[in-house]
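Just so you know, these numbers come straight off a predicted model, no measurement behind them. Whatever order the structure lists them in is the order used to number ligands and atoms, beginning at 1.
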Amino acid sequence: ELGPYSHFMQKEIHEQPRAVADTIEGVIDAGEFSAELFGPDAAEVLEGIEGVLILACGTSYYAGMTARYWIEGIAGLPCSVEIASEYRYRDAVANPKTLVVTLSQSGETLDTMEALKYAKSLGQERTLSICNVPESAIPRASRLVYYTRAGAEIGVASTKAFTTQLVALFTLTATLAKLQGRLDEAGEADYIDALRRLPGSVQHALNLEPQITAWSEHFAPKEHALFLGRGVHYPIALEGALKLKEISYIHAEAYPAGELKHGPLALVTDEMPVVVIAPNDSLLEKVKSNMQEVRARGGQLFVFTDADSNFHPSEGVHVIRAARHVGVLSPIIHTIPVQLLAYHVALVRGTDVDKPRNLAKSVTVE
Ligand code: M6R
């Protein structure tokens, strides 16, 4: 079953070009973003919505955080993202015209299921489940469903489920943007084209594996690591930190890079490797000045950027470049290196990569 791979996690990381291609197949075939992608009566549910509420846990929650940047920036709809176990126990203000989106790889996560029931009990009936397991509990309880087609995910650390959730969420964003009258034909064609090229870009990112393997020796002896990102890449920093702590047991934290000076900078020494997600976007100059703050305290920087950036390695600054900046889909590409980093660090530390201690693949308890 593992083929040439040593672990399911490694296999699942490498399956991502295929998983992404399968998940967007319907959109590519249709050549357009349409409500029907989300079910036969989806137009009725999606039209006239006034906002989006995303409910999820763990990695799925970080996919939701990424989507908030897209939904507000591209579709122009207010979007909030909440950890399911928090939402279900607070007195939330509900709007029946909110689209409630649950994200769950397994479709069986109890916290997310209960949050969905609670959202419905507040009169929010416009529900969409983005899920990887057909006919699981959460899609069955939802009015609309979009299945990610990652295939079975065995490794406890979620990888291909996350990137396919992101492409599903981007598809949702573009569909909502169209319904809101914010996406013209040329813009739609550009997004379709970007999706069509995405599996190839994911494969390019996977080809960085030898360089990332070389970095793992720096991390393996450490007990702490910091991940930084800004904007739509901040959730990717969170995802990188979660992957590292989950499978290597290194304590890892993620911060929006601009927040460093408000506290976490006090932790930085040469014993604290700092991973930075720094693609060549409008925030790059800001991220660079945040990196200088780290270097000035002796912190070692490990930077993931892309070929277009004018970023160069120097003393204490290690750089790995993805092939090119892929615009709005960039967070998907920058997920690959942080997955590979966690995997290779765990290998050096000799942990049980596919079954990390204390964790279950599907969390069906509170
Ligand atoms: O099946 P779900 O997407 O609902 O699972 C949610 C989390 O339990 C899950 O993403 C967890 O955080 C992963 N082990 C992270 O790699």
Side-chain angles (χ1 to χ4, degrees), residues 7-13 15-16 19 23 54-67 81-88 100-119 127-142 145-169 227 235-250 252-254 335-336 338-343 345-346 351-366:
H7 297 94
F8 283 105
M9 183 183 181
Q10 187 191 23
K11 177 172 180 266
E12 289 158 7
I13 288 173
E15 280 172 350
Q16 289 176 108
T23 299
I54 300 179
L55 303 170
C57 306
T59 283
S60 297
Y61 172 67
Y62 298 146
M65 281 182 73
T66 311
V81 189
E82 258 195 81
I83 291 182
S85 58
E86 285 296 312
Y87 180 75
R88 63 177 287 202
V100 179
V101 181
T102 52
L103 304 175
S104 176
Q105 184 284 133
S106 61
E108 301 291 347
T109 301
L110 186 77
D111 286 327
T112 308
M113 182 67 191
E114 292 300 321
L116 171 61
K117 283 188 193 159
Y118 176 56
T127 55
L128 163 66
S129 153
I130 294 179
C131 183
N132 195 43
V133 180
E135 294 309 313
S136 51
I138 296 172
R140 275 194 276 113
S142 305
V145 179
Y146 192 103
Y147 286 116
T148 49
R149 287 171 52 197
E153 191 180 67
I154 311 286
V156 165
S158 186
T159 53
K160 60 180 180 172
F162 179 74
T163 43
T164 55
Q165 280 172 343
L166 289 180
V167 294
L169 286 161
F227 284 69
I236 306 309
L238 286 163
E239 173 62 2
L242 177 62
K243 289 293 91 108
L244 191 68
K245 67 185 115 176
E246 216 176 359
I247 60 167
S248 77
Y249 315 147
I250 291 175
E253 298 275 355
T335 301
I336 311 297
V338 297
Q339 295 171 341
L340 288 168
L341 181 66
Y343 175 71
V345 173
T351 52
D352 188 345
V353 173
D354 284 336
K355 289 200 179 75
R357 68 188 180 202
N358 312 338
L359 299 176
K361 180 66 186 161
S362 183
V363 186
T364 52
V365 292
E366 231 195 300

Residue Lys355 excluded, over 12 heavy atoms near NZ under 6.0 Å: no
For ligand 1, which atoms have a heavy atom of [X] less than 4.0 angstrom away?
{"X": "Gly58", "result": "12 (O)"}
{"X": "Thr109", "result": "1 (O), 2 (P), 4 (O), 5 (O)"}
{"X": "Ser104", "result": "1 (O), 2 (P), 3 (O), 4 (O)"}
{"X": "Ala157", "result": "16 (O)"}

To which protein heavy atom is [atom] closest, and what is the distance rounded to 0.1 Å?
{"atom": "atom 1 (O) of ligand 1", "result": "Ser106 OG, 2.7 Å"}
{"atom": "atom 10 (O) of ligand 1", "result": "Thr59 N, 3.2 Å"}
{"atom": "atom 8 (O) of ligand 1", "result": "Val363 CG2, 4.0 Å"}
{"atom": "atom 7 (C) of ligand 1", "result": "Cys57 O, 3.7 Å"}

Side-chain ([X]) to main-chain ([Y]) donor-acceptor, under 3.5 angstrom:
{"X": "Gln16", "Y": "Ile13", "value": "yes"}
{"X": "Tyr87", "Y": "Leu116", "value": "no"}
{"X": "Lys160", "Y": "Ala152", "value": "yes"}
{"X": "Lys245", "Y": "Ala252", "value": "yes"}

Polar contact flag for Ser60 and ligand 1 (N/O pairs, less than 3.5 Å): yes
Glu82 vs Arg88, salt bridge (charged side-chain N to carboxylate O under 4.0 Å, His left out): CA-CA, chis, key distance, verdict: CA-CA 10 Å; Glu82 258 195 81; Arg88 63 177 287 202; over 6 Å; no
Option of least heavy-atom distance to atom 14 (N) of ligand 1 (set: Lys243, Glu246, Gln105, Glu153): Glu246
Nearest heavy-atom neighbours spanning Leu242 and Thr59: CD2-OG1, 3.4 Å
